[in-house]
Amino acid sequence: MYALVDCNNFFVSCERAFQPELEGRPVVVLSNNDGCVVARSNESKAMGIKMGTPFFKVKYLVDEGELAVRSSNYALYGDLSARVMSILAETAPKLEIYSIDEAFMNMDGVSVEKLPVICRCLIKKIRQWTGIPVSVGVASTKTLGKVANHFAKRYKGYKGFCMIDTPEKMRKALKITPIGDVWGIGRRLAPKLEAVGVKTALDFIERPVEWVQARMGIAGERTWHELQGIRMVEDEKSEARKTICASRSFANMITDFEEISQRVSDFAGKCAEKLRQEGTAAYSVGVFLLTNRFREDLAQYNPQACIRLAVPASSTLEIVGAAKKALRMIFKAGYEYKKAGVIVMDIVNSNEIQQSIFDFDIKERERDDKISRVMDMVNKSGKNVLRLAAQRPGHFADGIRRDYCSKLYSTDWNQLLEVK
DNA sequence: TCTGGGGTCCTAGGACCC
DNA sequence: TCTGGGGTCCTAGGACCC
């Protein structure tokens with residue numbers, strides 16, 4: 001069996017773990033730049049606030065004292081996530097961390113009768129040790145595990161744990177699961193399926209597999225099998241990522257080349273840092289710019305460009321250099337830019353880099369790599385202490401709006417001491 | 001006024017090869 | 001008028017996930 005462990009309202013729960021006064025109140029957490037609602041407490045869900053709602057549409061509720069709000073604080077969430085995952089790792093024979101707030105525990109080899117006790121203990125332990133409430137769904141496939149987890153979370157009676165372990169339970173669960181709630185059926189496909197009479201997960205599996213294949217391809221076929229207890233979604237092997245992206249919307253639109261260039265250099269620096277953290281290097285460095293798509297009154301321009309390197313790089317100097325070159329290819333004055341980003345692609349392991357006989361700059365490259373190693377050592381403190389002159393002074397997150405940010409309770413001692 | 005960020009996989013079509 | 005067949009690789013776009 002798989003046990004899917006999912007943190008309830010994770011970002012909100014992290015805020016509550018250090019601010020108990022938020023308990024029982026409607027709370028939302030916002031995306032970067034305080035743009036959209038990305039996490040809601042049960043109370044704010046009950047008020048009808050939808051995922052992804054632009055914050056300005058519900059800000060009046062905050063002003064009236066009806067709703068509590070926090071800017072997102074990823075240092076805090078990342079830290080609490082690591083604590084939860086380390087507890088799971090002690091429990092599961094095999095753990096696959098699927099996102100910041102959920103993980104699949106492969107429980108193959110553990111007897112099914114023991115699973116309820118194990119999972120209930122786990123829920124209690126995580127709550128006590130980290131302050132984070134979690135739900136656990138158990139089933140023979142990941143897709144059914146998701147279904148079980150939904151039930152564990154949605155219905156109080158389950159107390160956070162639900163197991164689908166018989167064909168009868170499976171049919172019953174699928175019968176009341178709307179097709180749009182199924183893992184793998186997204187925003188686009190759900191309405192199309194509903195339009196032809198497939199309203200629930202049960203309706204879906206009762207269609208012939210050929211019917212599913214013709215409309216949804218191999219992905220739909222996989223979901224169809226998974227919902228019937230046949231495993232199709234492989235366990236992830238933790239391979240190197242294929243792309244790394246750093247991008248941000250700006251608090252205000254930017255027109256000046258130098259200012260954009262600094263931001264882009266910053267993003268490129270972030271990508272280079274991540275490459276080195278993972279022991280990889282990239283052949284390609286892409287840059288994109290976006291104007292404000294919501295401002296129909298302004299001219300739109302969303303260019304992108306990509307530089308291919310002769311030898312894969314992970315040094316800040318080289319990645320930033322390539323990004324600036326790409327930026328010069330696409331930047332046009334006269335537009336108001338709202339967002340920019342850097343993507344590094346064609347990633348390989350650093351120790352597998354082929355030396356090119358045309359690499360005339362090998363001395364410079366070695367020097368740049370050394371400089372980057374020193375930067376990493378100095379920057380371990382978490383602050384952007386050493387950076388290129390091309391990058392912006394101050395912290396990476398500067399220049400994005402964070403009006404409602406909580407303190408760095410778990411990663412900064414001085415702020416921790418302020419907790420009452 | 002204000003609208004997030006970071007990923008993966010699949011597919012269809014075009015370019016190119018022999 | 002008549003204009004092959006089969007393969008690979010790349011890319012853009014669309015779908016999905018959190």
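Here is the naming used below: chain letters follow the sequence lines, and residue numbers restart at 1 for every chain.
Distance from the side chain of A:Lys274 is smallest to B:dG7 among C:dC17, B:dT3, B:dG7. Comparing B:dG7, C:dC17, C:dC16 by their nearest atom to the side chain of A:Ile244 picks out B:dG7. Residue A:Arg248 places its side chain closer to B:dG6 than to any other of B:dT3, B:dG6, C:dC18. Among the nucleotides B:dG7, C:dC18, B:dT11, the one closest to any side-chain atom of A:Ile218 is B:dT11. Considering only the side chain of A:Asp101, C:dC18 comes nearest among C:dC18, B:dT3, C:dC16. Checking C:dA15, C:dC18, B:dC9 against the side-chain heavy atoms of A:Lys242 singles out B:dC9 as nearest. Taking every side-chain heavy atom of A:Ser31 into account, B:dG4 is the closest of C:dA15, B:dG4, B:dT3. When distances are taken from the side chain of A:Arg293 to each of B:dG6, B:dT3, B:dG4, the shortest belongs to B:dG4. Checking C:dC16, B:dC9, B:dG4 against the side-chain heavy atoms of A:Arg187 singles out C:dC16 as nearest. Comparing B:dG6, C:dC17, B:dG5 against the side chain of A:Trp183 picks out C:dC17 as the nearest.
The CZ atom of A:Arg402 sits 12 Å away from the P atom of B:dG5 (whole-angstrom rounding). The interatomic distance linking A:Tyr74 (OH) with B:dG5 (P) rounds to 9 Å, in whole Å. The nearest whole Å value for the distance from the CD1 atom in A:Ile347 to the C1' atom in B:dG7 is 11 Å. Rounded to an integer number of Å, the gap from A:Arg215 CZ to C:dC16 P is 16 Å. In this structure, CD1 of A:Ile343 is placed 14 Å from C1' of C:dT11, rounded to the nearest angstrom. The nearest whole Å value for the distance from the CE atom in A:Met232 to the C1' atom in C:dC16 is 17 Å. Distance, A:Phe294 CZ to B:dG4 P: 5 Å, rounded to whole Å. Look at CD on A:Glu102: it is 17 Å from P on B:dG7, rounded to the nearest Å.
Judged purely by distance below 3.5 Å, without hydrogens or angles, the side chains of A:Thr255 and A:Glu336 never pair a donor atom with an acceptor atom. A:Ser406 and A:Glu15 are linked by a side-chain donor-acceptor pair at a separation below 3.5 angstrom, with hydrogens and angles left out of the test.
Within the 4.0 angstrom heavy-atom criterion, only backbone atoms of the sugar-phosphate kind lie near A:Thr243; the bases stay farther away. A:Ile100 comes within contact range of no nucleotide atom at all, as no heavy-atom separation falls under 4.0 Å. The residue A:Val182 sits close only to the backbone: its heavy atoms come under 4.0 Å of sugar-phosphate atoms, none of a base. Using a 4.0 Å heavy-atom distance criterion, A:Lys338 is classed as a sugar-phosphate-only contact. Counting non-hydrogen atoms under 4.0 angstrom, A:Lys146 reaches the backbone sugars and phosphates but no base.
Between A:Arg222 and A:Lys339, the residue anchored nearer the 5' end of DNA chain B, judged by the nucleotide with its closest heavy atom, is A:Lys339. Each of A:Arg241 and A:Asn32 was assigned the nucleotide of DNA chain B with the nearest heavy atom; the assignment lying further toward the 5' end belongs to A:Asn32.
Shown here, C:dG13 forms a base pair with B:dC10; the pair counts as Watson-Crick or G-U wobble because both key distances fall under 3.5 Å.
Counting non-hydrogen atoms of neighbouring residues, nucleotides and ligands closer than 6.0 angstrom, the CD atom of A:Glu296 reaches no more than 12 such neighbours. Under a cut-off of 6.0 angstrom, the local environment of NZ in A:Lys50 is sparse, with at most 12 non-hydrogen atoms contributed by other residues, nucleotides or ligands.
One finds no salt bridge joining A:Arg215 and A:Glu210 here, because no Lys/Arg side-chain nitrogen approaches an Asp/Glu carboxylate oxygen to under 4.0 Å.
The aromatic ring of A:Phe55 does not sit over the base of B:dC2, since the test of centres under 5.5 Å and planes under 30° is not met.
Panel note: side chain A:Thr91, backbone A:Ile87; a donor-acceptor pair is recorded below 3.5 Å. Formation of a donor-acceptor pair under 3.5 Å by the A:Asn149 side chain with backbone atoms of A:Val138 is not found in this model.
Applying the 4.0 Å criterion to OP1 and OP2 of B:dG6, one finds that A:Ser247 has a side-chain N or O inside that range.
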